[in-house]
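Please read all numbers here as calculations on a predicted model, not as lab measurements. Atoms within each ligand, like the ligands themselves, are counted from 1 in listed order.
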Amino acid sequence: MKKAGIIRCQLTEDKCPGTNDFRVAANGQKAFESIGNCEVIGFISCGGCPGTKVGNRVQLLEAKGAEVIAISSCITQGSPFKETCHNWDKMKIEIENHINENTILLDYTH
Ligand code: SF4
């Protein structure tokens, strides 16, 4: 079983506890289907707009054992809000500049 760290939008924290993210990771569903059941070892926000802290947070999750980094659907799919992150393009570059080459990156969760 792989270990996964999930990064979520800080703006959704008052609306969503991430229940579906934990469920799909544990059950190997949706974005996790090709990886199988995962143990979530960390669930952390992007650090707030404009998302410049996200690279360090990827490394923090990797330091705790994450082999998979999943970007929660609140960021890239507009769930539960109907709007996606307006900083996603920059955040993606920041993530790609910091992520370990062996770490699997999932750009959504469910
Ligand atoms: S940078 Fe994007 S993901 Fe992070 S709090 Fe702002 S809108 Fe949400």
Between the side chain of [X] and the main-chain N/O of [Y], is any donor-acceptor distance below 3.5 Å?
X    : Y    : answer
N100 : N102 : yes
S73  : T109 : yes
T103 : V68  : no

Are more than 12 heavy atoms from other residues, nucleotides or ligands located less than 6.0 Å from atom CG of D14? no

Just checking, any donor-acceptor pair under 3.5 angstrom between side chains of D21 and S72?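 D21 vs S72: donor-acceptor pair found between side chains.
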
Just checking, is any N or O donor in the side chain of R8 or T12 under 3.5 Å from an acceptor N or O on the other one? yes

Between C85 and atom 2 (Fe) of ligand 1, is there a contact where an N/O/S atom of the residue lies under 2.8 Å from the metal?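 An N, O or S atom of C85 is closer than 2.8 Å to atom 2 (Fe) of ligand 1, so yes.
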
Within ligand 1, which atoms have a heavy atom of [X] less than 4.0 Å away?
X   : answer
Q10 : 5 (S)
L11 : 5 (S), 7 (S)
G51 : 1 (S)

Does at least one non-hydrogen atom of M91 fall below 4.0 angstrom from an atom of ligand 1?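 Within the 4.0 Å threshold, so yes.
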
Less than 4.0 Å between a side-chain N and a carboxylate O, is that true for K3 and E67?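 Here E67 does not pair with K3 in a salt bridge, since their nearest N and O are not under 4.0 Å apart.
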
Which residue and atom name correspond to the protein heavy atom nearest [atom], and how close is it?
atom                    : result
atom 6 (Fe) of ligand 1 : C49 SG, 2.3 Å
atom 1 (S) of ligand 1  : N87 ND2, 3.4 Å
atom 8 (Fe) of ligand 1 : C9 SG, 2.3 Å

Short N/O/S contact of C46 with atom 6 (Fe) of ligand 1 (below 2.8 Å):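 Of the N, O and S atoms in C46, none lies under 2.8 Å from atom 6 (Fe) of ligand 1, which means no.
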
